[in-house]
Amino acid sequence: MQPFELKKDIYWVGCVDYDHRDFHGYSRSPEGTTYNAYVIRDEKNVLMDTVSPGCAGTLLCRLGKIMEPEKIDYIVCNHLELDHAGSLAQIVERCKPEKIFCSTLGLKSLQGYFNTKDWPVVAVKSGDKLEIGKRSIIFQETRMLHWPDSMVSYIPEDKLLISNDAFGQNIASSWRYADEHDEGDLLRAIKEYFYNIILPYSPQVLATLPIVEKLDIDMIAPDHGLIHRGEKSVRFILDMYRKLAEQKPQQRAVIFYDTMWHSTEKMAYAACSGLEEAGVPARLMSVKNNHHSQIMTELADCGAVLAGSPTHNNTVLPLVAAQLTYMKGLRPKNRVGGAFGSFGWSGESAKYIHEQLESMGMEMPAAPVKCNWAPGHEALKACHDLGKAVGEALKRKCQEG
Ligand code: FEO
């Protein structure tokens with residue numbers, strides 16, 4: 001349980017949780033996550049964020065290798081969600097800080113979660129500066145990135161941005177720096193995190209990036225996962241966030257579907273061949289075999305979504321309904337869509353999916369395709385044509401930029 005020195009007198013004192021899987025409804029598999037917390041040793045000693053419930057002992061153990069916990073003067077809570085604040089009561093009890101800082105909106109969540117009657121809480125807003133000795137901490141609220149209370153802390157003397165949830169990834173490992181990790185896995189983890197948590201707040205990302213880019217930064221230390229050090233790594237994550245938030249169309253498609261007796265599955269394969277004929281690579285993802293968060297992650301590289309379900313109880317199968325609900329909540333933009341499904345008796349599913357995708361603002365270049373009983377040549381041709389129409393529409397969209 002050693003602390004890790006990031007810069008002179010600035011330490012990581014977080015906790016690696018290899019077993020955590022469920023992150024407010026999305027799943028990082030096969031990895032867990034890291035709850036990062038940081039200590040700055042100066043005339044005033046500062047603990048930047050805390051850790052998840054159950055991890056207080058780990059944080060205190062690492063902190064204890066640097067200083068007696070009672071020597072912490074200030075605690076900064078950049079965000080009060082419990083993965084960062086769940087151990088706060090224990091830490092406050094042990095450290096007895098002189099002051100606890102949070103954003104003005106953070107006061108609400110702090111008071112909602114804890115009995116703060118006797119806590120020395122101070123609310124801060126964007127631009128407020130806290131002098132701690134040789135260093136200062138400048139606060140910047142980042143409302144809805146991803147909670148109303150979220151903020152980041154900038155230490156100009158060390159060119160360090162402690163960014164809380166922003167710029168994070170759910171990676172559990174012994175490494176602390178992004179440049180030590182497998183590049184492909186890192187990229188996937190960033191996309192997964194963004195597409196399952198940050199995506200609805202893409203406009204806030206685009207509004208925040210210019211503020212962050214004006215700062216002189218050579219390290220971005222998020223509260224989850226790996227830390228970006230050096231100009232190249234900092235530039236990489238800022239550029240990634242811009243790209244992910246812009247959601248410019250990409251010439252690739254994802255098809256998600258469920259099937260009862262393999263008819264809708266055959267339709268999915270036919271739609272895939274239509275996309276391929278149009279020159280759009282596609283990936284088929286059965287909702288039985290892929291978690292809804294994996295399908296969202298795939299969407300990070302896809303400008304088109306096709307979805308299929310057989311009709312079940314006059315609507316779609318439940319896993320398809322769940323996927324549609326999850327996707328709609330994450331508010332993807334700038335996509336092309338298509339819907340299909342088989343049926344035995346009533347046949348509502350394809351129309352229902354079509355309407356759901358349309359309600360997400362997707363361009364729907366073709367009517368939903370439905371097929372009674374098992375798909376024969378005609379139905380498969382209709383699915384192929386659906387895939388082709390979606391592919392052609394996506395290519396046009398990509399050319400328009
Ligand atoms: Fe919004 Fe990592 O908590």
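Annotation: salt bridge (charged side-chain N to carboxylate O under 4.0 Å, His left out) contacts of Glu277 (sequence neighbours excluded): Lys388. Residues satisfying the salt bridge (charged side-chain N to carboxylate O under 4.0 Å, His left out) criterion with Asp216, sequence neighbours excluded, are Lys159. Under the salt bridge (charged side-chain N to carboxylate O under 4.0 Å, His left out) criterion, Glu358 pairs with no residue at all, not counting sequence neighbours. In this structure Cys371 satisfies the side chain to side chain contact (heavy atoms under 4.5 Å, CB included) test together with Met267, Pro375, Ala379, sequence neighbours excluded.
Residue pairs satisfying the salt bridge (Lys or Arg N to Asp or Glu O under 4.0 Å) criterion with at least one member in residues 102-111, sequence neighbours excluded, are absent. Each ring-ring contact (aromatic ring centres under 6.0 Å, His included) pair with one or both residues in residues 329-364, not counting sequence neighbours, appears once here: Trp345-Trp373. Applying the salt bridge (Lys or Arg N to Asp or Glu O under 4.0 Å) rule to pairs touching residues 280-297 yields Asp258-Lys288, Arg283-Glu298, sequence neighbours excluded. Pairs engaging residues 324-344 under the salt bridge (Lys or Arg N to Asp or Glu O under 4.0 Å) rule: none recorded [sequence neighbours left out]. The stretch residues 49-77 participates, sequence neighbours left out, in these ring-ring contact (aromatic ring centres under 6.0 Å, His included) pairs: Tyr74-Phe101. Listed by first then second residue, pairs satisfying ring-ring contact (aromatic ring centres under 6.0 Å, His included) with a partner in residues 277-316 read His292-Tyr326, not counting sequence neighbours.
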>> Working note: His84 + His224, criterion ring pair (Phe, Tyr, Trp, His ring centres under 6.0 Å); need CA distance, chi angles, decisive distance, verdict.
In response: CA-CA 9 Å; His84 309 293; His224 292 292; 4.7 Å; yes
>> For Asp42 and Arg135: C-alpha separation, side-chain torsions, deciding distance, then whether salt bridge (Lys or Arg N to Asp or Glu O under 4.0 Å) applies.
In response: CA-CA 7 Å; Asp42 209 313; Arg135 299 175 178 82; 2.8 Å; yes
>> Checking Arg188 against Asp185 for the salt bridge (Lys or Arg N to Asp or Glu O under 4.0 Å) test, could you report, in this order, the C-alpha distance in whole Å, the side-chain angles of both residues, the deciding distance, and whether it holds?
In response: CA-CA 5 Å; Arg188 182 158 183 84; Asp185 188 53; over 6 Å; no
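Checked by atom type, the side-chain pair Tyr11/Arg41 shows a donor-acceptor distance below 3.5 Å. In the model, Ser136 has a side-chain atom that pairs as donor or acceptor with a side-chain atom of Glu157 under 3.5 Å.
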Side-chain donor-acceptor pairs under 3.5 Å in residues 304-311, sequence neighbours left out?
residue : atom : partner : partner atom : Å
Ser309  : OG   : Leu317  : N            : 3.0
Thr311  : OG1  : Glu348  : N            : 3.1
Thr311  : OG1  : Ser349  : N            : 3.0
Thr311  : OG1  : Ser349  : OG           : 3.1

Atom pairs and distances, side-chain donor-acceptor, residues 393-401, under 3.5 Å, sequence neighbours left out:
residue : atom : partner : partner atom : Å
Lys395  : NZ   : Ala278  : O            : 2.7
Lys397  : NZ   : Asn334  : OD1          : 3.3

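Note that the SG atom of Cys77 and the CG atom of Leu47 stand 8.0 Å from one another [nearest 0.5 Å]. Atom OG1 of residue Thr33 and atom CG of residue Asp19 lie 12.0 Å apart, to the nearest 0.5 angstrom. For the atom pair Thr104 OG1 and Lys125 NZ, the distance stands at 9.0 Å (nearest 0.5 Å).
Between Phe167 and Tyr241, the ring planes are tilted. Angles from 30° to 60° get that label. The aromatic rings of Tyr35 and His20 stand perpendicular to each other, their planes meeting at an angle above 60°, with 30° marking the opposite boundary.
Of the possible polar contacts, one joining the Arg62 side chain to the Gly14 backbone as a donor-acceptor pair under 3.5 Å is found.
When each of Asp149, Asp49, Asp223 is checked for a side-chain hydrogen bond (donor to acceptor under 3.5 Å, both in side chains) with Asn78, only Asp49 meets the rule.
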